[in-house]
Amino acid sequence: MKRLLIEAQEDGLAIALVNDKRLTAFCHDAPAGPLAAENIYLGVVDRIVKGIEAAFVRLGKDAMGFLPFAECPVRPHSGDRLLVQIKRPPIGEKDAYLTCDVTLAGRYCLLAPMSHGVAYSKRMTAEERARMKPVAQAICPPGMGVIMRNESVAAQEEDVAAEADRLKVEWERLLETAAAGCEPRLLRARDSELTHLMRNERGAIEEALTNAPEACAGLPMPVRYAQSPFELYHVRAQLEKSFRRKVWLDCGGFLVVDRTEALTVIDVNSGKFTGGKTGTEATFLKLNREAAQEIARLMRLRRMGGIILVDFVDMQQPASREAVLAAMQEALADDPVKTVVHGFTSLGLMELTRKKTEDAFAPLTLCPCCHGTGLNEEKITC
């Protein structure tokens with residue numbers, strides 16, 4: 001049973017999603033910081049770097065973004081004013097990655113004002129795409145593009161059309177705002193974390209528990225009052241355990257998670273797990289399947305992005321590897337962030353890539369000694 005837990009804190013709303021009492025998602029709905037993913041800016045081209053086929057775009061007083069020419073319909077020149085959207089927030093020393101292909105996201109579709117034609121979610125089957133084609137063509141504004149999300153398949157056509165109309169009006173207002181001045185500035189901030197979660201969550205959330213009922217107005221599920229919803233489901237304890245370097249599995253095995261500049265490496269260890277009377281291959285398969293489920297949960301909670309390598313416990317049978325691949329695919333089915341499972345490498349490591357996402361809202365502070373985490377800047381040590 002999925003439950004949404006919303007707890008008011010001094011610096012905003014903390015939001016958790018639990019499935020059968022197990023924490024699967026967490027975010028903090030504090031005011032968005034600068035250069036958040038999906039923010040739309042009026043930018044001014046600061047300089048052109050021909051050697052890397054890109055421009056650096058000034059987004060504000062002290063904010064800069066990186067715009068490859070491949071993300072522009074026309075090659076820009078120094079001093080040009082451009083409407084740009086942050087595709088990927090700043091990471092380390094890297095500037096925010098920008099695109100001119102702006103999109104406005106809804107629950108059922110995305111409006112792509114700078115594109116043309118119709119596209120569909122990769123999660124849709126061929127049959128679903130064929131069924132949604134006339135709907136997509138009917139709601140697509142002239143001269144614009146629309147991307148049909150997987151959630152549109154089960155929606156009423158009039159609801160999808162109403163959303164497309166609302167996004168079109170929002171785009172027209174954004175253009176009016178951009179025309180009102182020439183200085184680089186933020187035109188549209190990304191939606192709130194609660195809006196994101198509700199828009200992207202797959203599967204029904206049966207109820208919400210909160211100590212701030214006013215924050216739940218309009219939610220499409222029953223809302224109940226709870227003085228401390230996080231305490232009811234041990235959210236803080238689950239977060240602390242999930243952000244440690246060493247994460248224990250229910251079976252007695254454990255994961256070791258190490259993040260580097262280039263990738264994230266996860267090592268699966270048998271630990272205390274013996275598998276009972278089952279044979280070695282069956283024991284390792286059971287361990288690896290549980291590890292796959294936990295890794296998928298941690299990827300979402302910890303907002304991992306980029307290249308992820310998983311060193312599962314070695315198995316001899318190809319069928320066992322296929323079973324672990326299937327378990328990973330199934331565990332990732334509810335993750336709203338695009339994740340691709342590339343399979344096992346020649347060294348026996350499972351290789352995945354997950355889209356890098358904004359993490360400015362997560363009030364999580366890594367502990368320097370144990371890679372654990374605390375809430376609200378409180379350090380937790382081993």
Side-chain angles (χ1 to χ4, degrees), residues 29-50 52-90 95-119 136-149 160-193 195-196 199 358 360-361:
D29 217 346
L35 304 181
E38 299 183 20
N39 279 4
I40 299 174
Y41 290 83
L42 175 65
V44 176
V45 177
D46 187 75
R47 68 185 188 277
I48 301 293
V49 185
K50 294 181 179 179
I52 57 174
E53 293 284 297
F56 285 90
V57 180
R58 187 162 300 281
L59 306 175
K61 183 178 179 181
D62 298 312
M64 193 74 74
F66 175 77
L67 178 66
F69 291 161
E71 297 287 348
C72 309
V74 180
R75 180 172 292 205
H77 299 87
S78 182
D80 284 354
R81 296 165 65 246
L82 300 173
L83 265 178
V84 292
Q85 186 170 37
I86 294 185
K87 198 170 183 178
R88 188 171 63 233
D95 289 323
Y97 189 96
L98 307 178
T99 181
C100 289
D101 189 13
V102 176
T103 58
L104 302 180
R107 179 168 179 79
Y108 307 121
C109 66
L110 288 87
L111 182 68
M114 311 305 292
S115 302
H116 299 280
V118 174
Q137 292 175 337
I139 68 169
C140 185
M144 298 186 186
V146 68
I147 303 169
M148 304 301 292
R149 305 188 68 180
V160 182
E163 182 175 82
D165 289 340
R166 176 181 61 80
L167 294 175
K168 180 175 178 291
V169 170
E170 187 174 345
W171 171 248
E172 291 169 347
R173 290 175 179 168
L174 191 147
L175 290 178
E176 292 175 359
T177 303
C182 59
E183 290 298 316
R185 64 192 187 279
L186 175 67
L187 298 179
R188 181 185 184 272
R190 60 172 284 160
D191 292 327
S192 70
E193 283 288 293
T195 299
H196 264 268
R199 188 171 66 208
E358 169 67 34
F361 297 106

Subject >> Lys/Arg-Asp/Glu bridge criterion (N-O < 4.0 Å) met for Glu38, Arg188 >> reply: no
**OP:** Side-chain contact test, heavy atoms from C-beta onward, threshold under 4.5 Å: evaluate it for Met114 versus Cys100 and give yes or no.
**Re:** no
Original post:
Can you list the steps and then say if Leu98 with Leu59 is a side chain to side chain contact (heavy atoms under 4.5 Å, CB included)?
Top reply: CA-CA 10 Å; Leu98 307 178; Leu59 306 175; 4.1 Å; yes
Original post:
With side chains defined as the heavy atoms from C-beta onward, is the minimum distance between Ile139 and Glu163 less than 4.5 Å?
Top reply: no
Original post:
Can you tell if the side chain of Ser78 reaches within under 4.5 Å of the side chain of Arg47, non-hydrogen atoms only?
Top reply: no
Original post:
Val118 and Cys140: which non-hydrogen atoms are nearest, and at how many Å?
Top reply: CG2-CB, 4.4 Å
**OP:** Would you check if Arg81 and Leu42 make a side-chain contact, meaning some heavy-atom pair closer than 4.5 Å?
**Re:** yes
**OP:** Could you grab the distance from atom CZ of Arg75 to atom CG of Asp80, nearest 0.5 Å is fine?
**Re:** 12.5 Å
Original post:
Does Leu104 reach the side chain of Leu110, with side-chain heavy atoms less than 4.5 Å apart?
Top reply: no
Would you list the atom pairs, donor with acceptor, under 3.5 Å between side chains in residues 60-72 and any protein atom, with sequence neighbours excluded?
{"residue": "Glu71", "atom": "OE1", "partner": "Thr99", "partner atom": "OG1", "Å": "2.6"}
{"residue": "Glu71", "atom": "OE2", "partner": "Lys87", "partner atom": "NZ", "Å": "2.9"}

Original post:
Quick one: does Arg149's side chain have a donor or acceptor within less than 3.5 Å of a partner on Gly106's backbone?
Top reply: yes
**OP:** Answer yes or no: does atom CE of Met144 have more than 12 heavy-atom neighbours from other residues, nucleotides or ligands under 6.0 Å?
**Re:** yes
**OP:** Identify the heavy atoms of Ala136 and Val146 that sit nearest to each other, and give their distance.
**Re:** O-CG1, 4.0 Å
Subject >> Side-chain donor or acceptor of Arg199 paired with backbone N/O of Arg107 under 3.5 Å >> reply: no
Original post:
If you look at every heavy atom in Leu35 and Ile86, which pair is closest and at what distance?
Top reply: CA-CD1, 3.3 Å
Original post:
What distance do Arg185 atom CZ and Tyr41 atom OH have between them, rounded to the nearest 0.5 Å?
Top reply: 12.5 Å
Contacts under 3.5 angstrom, residues 171-184 side chains, donor-acceptor by atom type, not counting sequence neighbours:
{"residue": "Glu172", "atom": "OE2", "partner": "Lys168", "partner atom": "NZ", "Å": "2.7"}
{"residue": "Thr177", "atom": "OG1", "partner": "Arg173", "partner atom": "O", "Å": "3.0"}

**OP:** Determine the minimum heavy-atom distance between Ala105 and Leu167, stating which atoms define it.
**Re:** O-CD2, 3.9 Å
